[in-house]
J.: 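Sharing a structure with you now.
Lettering follows sequence order; numbering is per chain, from 1.
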Number of protein chains: 2
Amino acid sequence: MRVTIADVARLAGVSKATVSRVLNGRPDVERATQARIEEIMAETGYVPSSRAVDLARGRTRTVGVLAPTLRTPWMPELLQGVADVVEPSGYGLLLHSAAGGGPALERFAASVRGHAVDGVLAVDPGAALDHLRDLHQQGLPVVVVDTGGKRAPLPSVGADYTDGGRRAAELLLAAGRLRLAMITGPAEDPAGAACAGGFADLLTGTGAVLRASHVTEADGTEQGGFDAVQRLLRARLFFDGLFVHGDPMAAGALRALQEAGRQVPGEVAVVGFGDVPPAAYTVPPLTTVRVPWEEMGAAAARALIDRLHGKHADDDPEIFETSLVSRGSTPPVGRIPGQRNRRVARSTELPAF
Amino acid sequence: MRVTIADVARLAGVSKATVSRVLNGRPDVERATQARIEEIMAETGYVPSSRAVDLARGRTRTVGVLAPTLRTPWMPELLQGVADVVEPSGYGLLLHSAAGGGPALERFAASVRGHAVDGVLAVDPGAALDHLRDLHQQGLPVVVVDTGGKRAPLPSVGADYTDGGRRAAELLLAAGRLRLAMITGPAEDPAGAACAGGFADLLTGTGAVLRASHVTEADGTEQGGFDAVQRLLRARLFFDGLFVHGDPMAAGALRALQEAGRQVPGEVAVVGFGDVPPAAYTVPPLTTVRVPWEEMGAAAARALIDRLHGKHADDDPEIFETSLVSRGSTPPVGRIPGQRNRRVARSTELPAF
DNA sequence: AGCGGTCTTGACATCGCTGCCTCGCGGCCG
DNA sequence: CGGCCGCGAGGCAGCGATGTCAAGACCGCT
């Protein structure tokens, strides 16, 4: 580091304290003095050492972001939402990917305990949740983004997965599909359960049926979705509407249906879940339940920063609504009937790419 | 911060210096003393303040990553590659998204000049390149990942886009396609030029033709690719092989071909470029030129960290080879003839999701 | 006993900035 | 005309580590 506050002070003929006052825009400095100091700073190209500032102030103006992996399809959207809020607020964004499991988490813990960050934003913390709870109880600002639908015992942001399932059901009903099938993700995914619950829930009392035989589980991958549909078809099960909890699996499902010669959406209407970028690239483009990943990230970031600024908002989870993005894998439906009387946007819009 | 090195020293009845020695695993401490100090540290749950360490040591063990946006489809792969190297090396990863343009870049510059990071890894820096060059000349370790094919005047990592274009051409030739068409990305993208050059290059002397009329430009989006194919078809141009520089556009192209009733790969074989996740979800799955994003990120990170450790590797750009991922949008071809005699892997593998 | 060398350890200066307390000084009020 | 007030600015003590230097203990050897 070259020029320090002491240099500036000496050149300006003032004390370090005064330079510091100018630096922090404090009002108790004479205009002339301030101008002179600012001039010197400009001339010398002085930039305060963030290391020293951090130590002296006792904070780092940095938030830690803990993400299990960056490869989840919605993660970039979410992260962008976080970055768009965190950076303009003057905070840095220290990314920890916990993909490595144990060692990665230990590094994260060390970073946090060493006060390298002022707060933590955790996405889908999973096993790290207990640790985060401890940190939170010790007074560290923590916000979690819950993509799993389970409520963390912490300030959190999530989406209404149950309602997402309902929306999918509504759309299929509106399209007149009565013999439904569903592909769920891995059983341990609580979002899947919530979502499936909402789906089944809305069906009761309608003419539509979703038999247990028509519900199959897959691993979340495109291939998994492909295999799942093949299982259904080989079992000679009939269905004219298919709800797939996860867009990648839905893409696989479309491929399997097409290979089997089934028309989509003519013979089978397909609704996915998540609205991740690949959803727009299937043929036909996938109708899906949109989860507002970016907004969720932004909201979590805002909540975290509010806490850092001492605004202690309530700890209630902030739940986002899902919405339906109607593309080509379901027949056009102008309006969804039913008590909730929702409108379905017909969108040709692509997610930003 | 609760317990400090001074507390530990007092409790152990030694000086701070000795505690520091233990902390840093220096050998010149008596075993008994060391054991006692370690015990105290464990009891008190002492963790050194990274803020203080950073100031005292004059570095932050953090690298800055500058990315134009996180939404580029290959960015997550690349970032994961970076994270997988940076984190185990004991460095933090400070993410700057320059999406915001001016202000975001200024924040980045401030962070760097304030020595908040020990080095910088920039992805596609674009306009920030000059700034990075200055930083590099001032001695800051900088590595850039060049996804554009142009060579930065800096240590960099890139891919051989020209060769990527050649591979696409080889595959189409091997499939017996002689009347070719091409959709390029935005003209200002230098990777596109390199790639198109390689493609055209390999065609010369073969029976295949790529007329200027059959080359059209699109904006890189799925819709852009869709429109581009429609333009070609409306112009009643015949082609049995199509090279699309960018997987999202290729997805759009597939959709347009399908809507026009053209069989893929029967009537038209389609090769994309990039191998981003959506490529695996099209119907049929897209054959594409794979760019090893993750490896490139990892290599850049390694290069940066080597520099941080003083290993001054040569500044030559590190260029990665592309490869062909053959999926369903081209007919199966066992082996590519020709002087280079390459083998084409037939892959059903999906990118990690 | 005296000397040089190794091993441990402590004292103290530093890193660069912030924050608290103090002080000089000119103006205002009584 | 003296005291009080408030502004502008300086001094100095942290923040919590690192790192250098020197000192004391202990060793083997001459």
J.: Please give, in whole Å, the distance from C:dC17 P to A:M41 CE?
T.: 11 Å
J.: Hey, which sits more toward the 5' end of DNA chain D by its nearest nucleotide, A:A17 or A:P27?
T.: A:P27
J.: A:T18 vs A:I37, test: side-chain contact (heavy atoms from CB on, under 4.5 Å). Steps then yes/no.
T.: CA-CA 9 Å; A:T18 302; A:I37 293 177; 3.7 Å; yes
J.: Between the side chains of A:Q138 and A:D134, is a donor N or O closer than 3.5 angstrom to an acceptor N or O?
T.: no
J.: When the ring planes of A:W293 and A:W74 are compared, do they come out parallel, tilted or perpendicular, using 30° and 60° as the limits?
T.: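 Rings of A:W293 and A:W74: parallel, under 30°.
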J.: For A:T60 and A:D118, which I'm curious about, is there any donor-acceptor pair between the side chains at under 3.5 Å?
T.: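 Short answer, yes.
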J.: Give a yes/no on whether any side-chain N or O of A:S49 is located under 4.0 angstrom from OP1 or OP2 of C:dG16.
T.: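 No, A:S49 has no side-chain N/O under 4.0 Å of OP1/OP2 on C:dG16.
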J.: Can you tell me the distance, in whole Å, between the CG atom of B:L55 and the C1' atom of D:dT18?
T.: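 Atom CG in B:L55 sits about 10 Å away from atom C1' in D:dT18.
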J.: Rounded to whole Å, how long is the line connecting atom CG of B:N24 with atom P of D:dG19?
T.: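 One finds 7 Å between P of D:dG19 and CG of B:N24, rounded.
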J.: Rounded to whole angstroms, how far apart are CG on A:L23 and C1' on D:dA9?
T.: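 My rounded result for the distance is 16 Å.
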J.: Contact class for B:R31 vs. all strands (heavy atom < 4.0 Å): base, sugar-phosphate, or nothing?
T.: nothing
J.: Report the nucleotide, chosen from D:dG16, C:dC17, D:dG10, that has the shortest atom-to-atom distance to any side-chain atom of A:V53.
T.: C:dC17
J.: Would one find a side-chain N or O of B:R59 under 4.0 angstrom from OP1 or OP2 of C:dC15?
T.: no
J.: Atom CG of A:D28 and atom P of C:dC21: how far apart are they, to the nearest Å?
T.: 15 Å
J.: Answer with base, sugar-phosphate or nothing: what part of the nucleic acid does A:V19 contact at a heavy-atom distance below 4.0 Å?
T.: nothing
J.: Using only side-chain N and O atoms of B:T33, determine if any of them is under 4.0 Å from OP1 or OP2 of C:dT9.
T.: yes
J.: Within the structure, does a side-chain N or O atom of B:T18 lie under 4.0 Å from either OP1 or OP2 of C:dG10?
T.: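 Affirmative; the distance criterion is met.
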J.: Could you check if a side-chain atom of A:S20 sits within less than 4.5 angstrom of a side-chain atom of A:I5, using non-hydrogen atoms only?
T.: yes
J.: Given atom CG of A:D7 and atom P of C:dC15, what is their separation to the nearest angstrom?
T.: 11 Å
J.: Would you check if the side chain of A:T72 reaches a backbone N or O of A:M75 as a donor-acceptor pair within less than 3.5 Å?
T.: no
J.: Grab the CD-P distance between A:E30 and C:dG24 for me, whole Å please.
T.: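 It is 18 Å, rounded to the nearest whole Å.
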J.: Out of D:dG16, D:dT18, C:dC17, which nucleotide sits closest to the side chain of A:P48?
T.: C:dC17
J.: By nearest atom, which of the nucleotides C:dT9, D:dT20, D:dG10 is closest to the B:V29 side chain?
T.: C:dT9
J.: Check every atom of C:dC20, C:dT9, C:dC17 against the side chain of A:Y46 and return the nucleotide holding the closest atom.
T.: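 Ranking C:dC20, C:dT9, C:dC17 by closest atom to the A:Y46 side chain puts C:dC17 first.
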J.: Quick one: is B:T4 getting a side-chain N or O under 4.0 Å of the D:dG16 phosphate, OP1 or OP2?
T.: no
J.: Using only side-chain N and O atoms of B:S20, determine if any of them is under 4.0 Å from OP1 or OP2 of D:dT18.
T.: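 For D:dT18, OP1 or OP2 has a side-chain N or O of B:S20 closer than 4.0 Å.
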J.: What's the closest nucleotide to the A:R26 side chain, out of C:dT18, D:dG19, C:dG19?
T.: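 In terms of side-chain proximity for A:R26, the closest of C:dT18, D:dG19, C:dG19 is C:dG19.
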J.: Under 4.0 Å, counting only non-hydrogen atoms across every strand here, what does B:D54 touch: a base, just sugar-phosphate, or nothing?
T.: nothing
J.: Find which nucleotide of DNA chain C each of B:A56 and B:R36 is nearest to by heavy atoms, and output the residue with the more 5' nucleotide.
T.: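 That would be B:R36.
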J.: Reckon A:R21 has a side-chain N or O less than 4.0 Å from the OP1 or OP2 of C:dC17?
T.: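 Indeed not, no polar side-chain atom of A:R21 lies that close.
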J.: Between A:R51 (CZ) and C:dC17 (C1'), how many Å, whole number?
T.: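 The answer, rounded to whole Å, is 12 Å.
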J.: Of the candidate nucleotides D:dA17, D:dG10, C:dT18, which contains the atom at the shortest distance from the side chain of B:K16?
T.: D:dA17
